[in-house]
Amino acid sequence: MTTRHIAIVAFPGVQALDVAGPHEVFATADRVLRHLECRDRYDVSVVSHRGGPIASESGLEIGTRPAGDVHRSTHTLIVPGGSGVRDAAADPGTVTWLAGLRSRRLATVCSGPFLAAAAGLLRDRKVTTHWARAAELAQAHPDLTVDPEPVYLRDGDVWSSAGVTAGIDLSLALVREDVGIDVAQTVAQWLVMFLHRPANQSQFAAPVWIRRGADDGVRRAQDLVDADPGGDHRIEVLADRVDMSPRNFQRRFTEQVGMTPGKYVAEVRLEAARRALEESDAPIATIAAATGHGSAETLRRTFVERLGASPREYRRRFTHHPDAAAPPTAAAHQRKVDQ
């Protein structure tokens with residue numbers, strides 16, 4: 001029996017989801033492993049310097065075990081972030097306690113690198129963090145290489161992720177590394193996710209909740225499409241870029257992702273166009289060309305067929321204008337429809 005002990009650090013003002021997200025992933029993975037009668041197990045605990053209840057930044061109270069209860073053979077130590085991370089990083093007792101913990105693998109979530117770096121756990125490492133904290137982290141710890149873009153990244157035995165929900169993506173990646181993609185996908189399905197966003201997806205991109213392939217080649221193809229929706233993604237081109245024959249590539253992609261490569265490209269392009277309409281004032285023809293739809297008319301037909309609204313109507317409905325009047329409530333909208 002192999003049991004991996006996961007210790008999640010908590011402190012006053014911690015971001016509750018930075019703790020609860022990873023906890024749910026590993027606890028669910030343990031239930032899946034037991035159901036499958038595997039020899040692998042997870043043991044998950046939330047720990048703090050002094051133990052006892054901890055108030056998160058949202059006021060949610062989190063029960064923690066005291067420092068002395070941290071398992072001597074901790075496999076993965078997770079350091080979350082939150083508004084209280086600066087006070088925790090300035091508290092000698094917390095920093096000394098954290099510096100004394102030992103684990104085979106370290107993971108940080110959101111602004112967790114501030115505390116982990118204060119404890120000397122990240123010297124000369126490459127990390128990511130919440131995009132809004134990246135510049136501050138780089139200035140406070142110049143020995144770190146801070147990349148504000150990816151959802152999560154790995155530097156040897158140190159993993160780090162962006163803000164809040166990205167901790168779930170990171171934890172699923174850790175489960176996948178430990179016990180395989182089948183268990184990770186099962187956990188994601190139980191959590192009503194389609195596995196996780198690719199590590200190199202920008203924090204600023206809306207997630208495309210589509211299954212990731214089990215093969216490296218299929219996943220690389222997905223990443224290529226995600227990174228450049230408007231690129232040349234014909235089957236022959238993608239297959240060549242991931243060193244597979246077109247026939248084998250199409251078969252394996254469809255089996256593992258649940259849709260053909262062409263359908264996947266269309267979904268990613270639609271998501272990219274939606275995001276561009278919501279976040280920019282670029283002309284519709286420009287957005288159509290940049291997202292692989294070719295012309296404004298092609299984009300219009302796609303939007304009407306898939307979303308029931310033209311790109312112009314979609315932009316008017318979903319673009320936030322700070323100076324505009326508040327949109328009607330759902331109830332008011334329904335009354336208007338009923339009339």
Side-chain angles (χ1 to χ4, degrees), residues 128 147 149-155 159 161 166 169-170 172-189 193-277 285-303 305-307 311:
T128 191
D147 184 349
E149 277 285 334
V151 172
Y152 65 88
L153 63 79
R154 178 183 187 178
D155 182 3
W159 298 63
S161 72
D169 296 282
L170 171 63
L172 283 167
L174 297 177
V175 168
R176 175 181 159 188
E177 182 186 55
D178 292 342
V179 293
I181 193 168
D182 289 343
V183 174
Q185 285 187 326
T186 302
V187 172
Q189 289 166 358
M193 299 174 63
F194 289 96
L195 200 47
H196 56 279
R197 292 169 281 185
N200 62 350
Q201 179 174 300
S202 171
Q203 293 186 38
F204 307 100
V208 181
W209 300 112
I210 298 175
R211 276 167 33 197
R212 311 307 291 180
D215 291 351
D216 287 342
V218 173
R219 289 196 305 277
R220 289 205 313 273
Q222 289 179 287
D223 291 347
L224 288 169
V225 176
D226 295 348
D228 182 19
D232 185 353
H233 299 313
R234 290 171 295 169
I235 289 177
E236 297 80 5
V237 174
L238 283 175
D240 181 67
R241 295 187 68 182
V242 299
D243 299 319
M244 297 172 70
S245 70
R247 183 176 179 180
N248 186 44
F249 170 72
Q250 180 158 356
R251 178 180 62 81
R252 297 182 75 84
F253 190 104
T254 304
E255 288 176 350
Q256 296 176 24
V257 181
M259 63 179 69
T260 65
K263 174 67 172 175
Y264 183 86
V265 171
E267 291 293 326
V268 172
R269 285 176 171 172
L270 177 62
E271 181 68 20
R274 289 175 57 177
R275 188 166 64 248
L277 287 166
T286 301
I287 292 174
T291 58
H293 289 90
S295 68
E297 177 57 22
T298 300
L299 183 62
R300 188 195 68 79
R301 289 199 302 267
T302 299
F303 264 61
E305 178 182 348
R306 295 293 307 279
L307 305 176

*Using the salt bridge (charged side-chain N to carboxylate O under 4.0 Å, His left out) rule, take Glu255 and Arg252 through it: C-alpha gap first, then chi angles, then the decisive distance, then the call.*
CA-CA 5 Å; Glu255 288 176 350; Arg252 297 182 75 84; 5.5 Å; no

*Would Val225 and Leu238 count as a side-chain contact (heavy atoms from CB on, under 4.5 Å) if you check the C-alpha gap in whole Å, the side-chain angles of each, and the deciding distance to 0.1 Å?*
CA-CA 9 Å; Val225 176; Leu238 283 175; 4.1 Å; yes

*CA sep, side-chain torsions, deciding dist, call: His293, Arg300, side-chain contact (heavy atoms from CB on, under 4.5 Å)*: CA-CA 9 Å; His293 289 90; Arg300 188 195 68 79; over 6 Å; no

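A donor-acceptor pair under 3.5 Å is formed between the side chain of Arg220 and the backbone N or O of Val242. In this structure, Gln185 contributes its side chain and Arg212 its backbone to a donor-acceptor pair below 3.5 Å. At least one donor-acceptor pair under 3.5 Å links the side chain of Asp147 to the backbone N or O of Glu149. A donor-acceptor pair is defined here as one N or O able to donate and one able to accept, closer than 3.5 Å; such a pair exists between the side chain of His233 and the backbone of Asp228.
With sequence neighbours left out, the salt bridge (Lys or Arg N to Asp or Glu O under 4.0 Å) criterion links Asp216 to Arg219. Phe303 is linked by a ring-ring contact (aromatic ring centres under 6.0 Å, His included) to Tyr314, counting only residues two or more places apart in sequence or in another chain. Partners of Asp155 according to the salt bridge (Lys or Arg N to Asp or Glu O under 4.0 Å) rule, which considers only residues two or more places apart in sequence or in another chain, are Arg125.
Looking at every heavy atom in both residues, Ala296 comes nearest to Ala288 through N-CB, 3.9 Å. Nearest approach of Ile181 to Ala214, heavy atoms of both residues: CD1-CA, 3.5 Å. The nearest pair of heavy atoms linking Thr128 to Tyr152 is CG2-CA, 4.1 Å.
Counting heavy atoms from C-beta on, the side chains of Thr260 and Ile235 never come closer than 4.5 Å. At a threshold of 4.5 Å between non-hydrogen side-chain atoms, the residues Thr254 and Pro261 count as touching. At least one side-chain heavy atom of Tyr264 sits less than 4.5 Å from a side-chain heavy atom of Asp226. Considering only heavy atoms from C-beta on, Phe253 comes within 4.5 Å of Gln222 through its side chain. Contact check for Gln250 versus Met244: no side-chain heavy atoms found under the 4.5 Å cut-off.
For the atom pair Arg306 CZ and Leu270 CG, the distance stands at 5.0 Å (nearest 0.5 Å). Here the straight-line distance linking atom CZ of Arg269 with atom OG1 of Thr291 works out to 8.0 Å at 0.5 Å rounding. Arg176 CZ to Leu174 CG: the interatomic distance, rounded to the nearest 0.5 Å, is 11.5 Å.
The neighbour count for Arg251 CZ, taken as heavy atoms of other residues, nucleotides or ligands under 6.0 Å away, is above 12.
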